[in-house]
2 protein chains.
Amino acid sequence: MNIGTAAEQANLPPKTIRYYEEIGLLSPGRAENGYRDYSDKDVHRLRFLQRSRSLGFTIDECRLLLSLYDDKNRASADVKAVALEKVAEIDRKIAELQSLRDTLATLAKHCHGDGRPDCPIIDDLAGEHA
Amino acid sequence: MNIGTAAEQANLPPKTIRYYEEIGLLSPGRAENGYRDYSDKDVHRLRFLQRSRSLGFTIDECRLLLSLYDDKNRASADVKAVALEKVAEIDRKIAELQSLRDTLATLAKHCHGDGRPDCPIIDDLAGEHA
DNA sequence: CTTGACCTTCCAGTTACTGGAAGCCCTATC
DNA sequence: GATAGGGCTTCCAGTAACTGGAAGGTCAAG
C-alpha cells in the first residue's frame, strides 16, 4: 500500500513516516514506480511507533522497544524495566512542573493586576528582592 | 566587565549569553580590544532572563516580559496575564503527563516482569488488543 | 489532454542552546 | 623575548523530532 494509506492506518503524517525510515526504524519495499510499498507488518510497526511516541518515549527508547518487540524471546522483565524507568522520569518531570507552577502562581497572586506599573512579578524576575 | 564575569554573576554560561545577544535580547558595549563589555544593567537583564527561563518561559515570552520590564509605565495587569497564561499552560502539561504516567504505570503493573517473553506492554504498544 | 491528488527527493527551519575549531589578547613566568 | 595558560573572538555544526516547501514524476478521472 502507498504511504498515504499507511499514514492513515497508523495515524501518522507521511512526512513522519519517511523520517522514521530515514533514521532506520523501518524499511518498506518499493513498487515499480518508485513509490514506497507498505505491508501490514510495516503498518503494525508504524502503529507501534505511534503509540510509543504518544506515550512519551523518545525515538531512541522506541528503537529499544522495537528491538524488544522484534525479539520474540526477550524477557518481559526487560520491557517492564524500560516502562518503569519512564514512569519515574515522568514523575520527576511532573514534580518539576508542579514547583514551577507554584512559584508562578504565588507571584501572580501577589500581583494586584491593575493599571498601575508596579508589579511583584517583574520585581521578582528582576531580582529586586535580592 | 568581561563575559566570563557577567556569566558568573548572572549564572548563565557565556555561550548562552552570546546567543541571547545574537537573537537581540541585549546588546552590551565593546571594549577597545573587541571584547564584550557588560554593565551592571546588562547583568541585571541577564539575571532577569536566567530567572524567567528557569521558570519555564520560552525565549519569546521572555522577550515580551523584557519589554514589559523595560516599559516603566506598563500595567501590572499585563504582566499578571502573561504569568497566569503560563500557569494554565503548565497545568495542561501536568495533566497530560499525569495521564501518560497512569497509562504506563497500568501497563507495567499488568506485566508479570519475569523471564518469559510474553508481555502486556509490548502487546499494547503493538495494538494487539485492537 | 489536462487537472488534481499523490508520490518522490532535497533543502531549510523549528527551540534554545552546546561543542568545537581556529585564532586573537593578556598576563605571568622562565 | 619566548612561551604557556586562560579568556576572548567568530563561525560552523549538531542536538530532537519532526515540519514546510519547492521542483518534479505518476496516476486515475473526466
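Keep in mind it's a predicted model, so treat the numbers as computed, not measured.
Listed candidates were D:dA17, D:dC18, D:dT19. Nearest to the side chain of A:Tyr20 is D:dC18.
If you measure from atom CD of B:Glu21 to atom P of D:dT10, you get 7 Å, rounded to the nearest angstrom. Going from atom CZ of B:Arg36 over to atom C1' of D:dT9 covers 7 Å, rounded to whole Å. For the pair A:Ile3 CD1 and D:dC27 P, the interatomic distance rounds to 16 Å; values are reported in whole Å. What separates CD of A:Glu61 from C1' of D:dA17 is a distance of 13 Å, to the nearest Å. To the nearest angstrom, P of D:dA16 lies 17 Å from CG of A:Leu49. What separates CD1 of A:Ile23 from P of D:dC18 is a distance of 7 Å, to the nearest Å.
No contact: A:Pro14 has no heavy atom under 4.0 Å from any strand.
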- Start with the C-alpha gap between A:Glu89 and A:Lys86, add the side-chain angles, then the distance that decides, and say whether salt bridge (charged side-chain N to carboxylate O under 4.0 Å, His left out) holds. CA-CA 5 Å; A:Glu89 188 187 322; A:Lys86 200 68 196 176; 3.3 Å; yes
- Message: Using side-chain contact (heavy atoms from CB on, under 4.5 Å), reason through A:Leu55 and A:Ser52 one step at a time and then give a plain yes or no.
- Response: CA-CA 5 Å; A:Leu55 281 175; A:Ser52 330; 5.7 Å; no
- Message: Please evaluate residues A:Ser76 and B:Asp118 with respect to the criterion side-chain contact (heavy atoms from CB on, under 4.5 Å), reporting the C-alpha separation (whole Å), side-chain torsions for both, the decisive distance (0.1 Å), and the verdict.
- Response: CA-CA 6 Å; A:Ser76 65; B:Asp118 73 293; over 6 Å; no
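Between B:Arg53 and B:Tyr35, the residue anchored closer to the 5' end of DNA chain C is B:Arg53, taking for each the nucleotide with the nearest heavy atom. Nearest-nucleotide mapping onto DNA chain D: of B:Gly4 and A:Asn33, the residue sitting toward the 5' end is B:Gly4.
First and last contacts of DNA chain C with chain B, using any nucleotide atom under 4.0 Å from a protein heavy atom and ordered 5' to 3', fall at C:dA16 to C:dC26.
The side-chain tip of A:Lys41 does not point at the ring of A:Tyr38 from less than 6.0 angstrom away and within 45° of straight on.
Hydrophobic clustering (ILVMFWY, side-chain heavy atoms < 4.5 Å, transitive): A:Leu64 and A:Leu66 are in one cluster. Residues A:Phe57 and A:Tyr19 fall within the same hydrophobic cluster, defined by Ile, Leu, Val, Met, Phe, Trp and Tyr side chains chained together at heavy-atom separations under 4.5 Å.
A salt bridge links B:Asp60 and B:Arg63; the closest N-O separation between the charged side-chain nitrogens and carboxylate oxygens is under 4.0 Å.
In this structure, B:Arg18 does not reach the D:dG7 phosphate: none of its side-chain N or O atoms is under 4.0 Å from OP1 or OP2.
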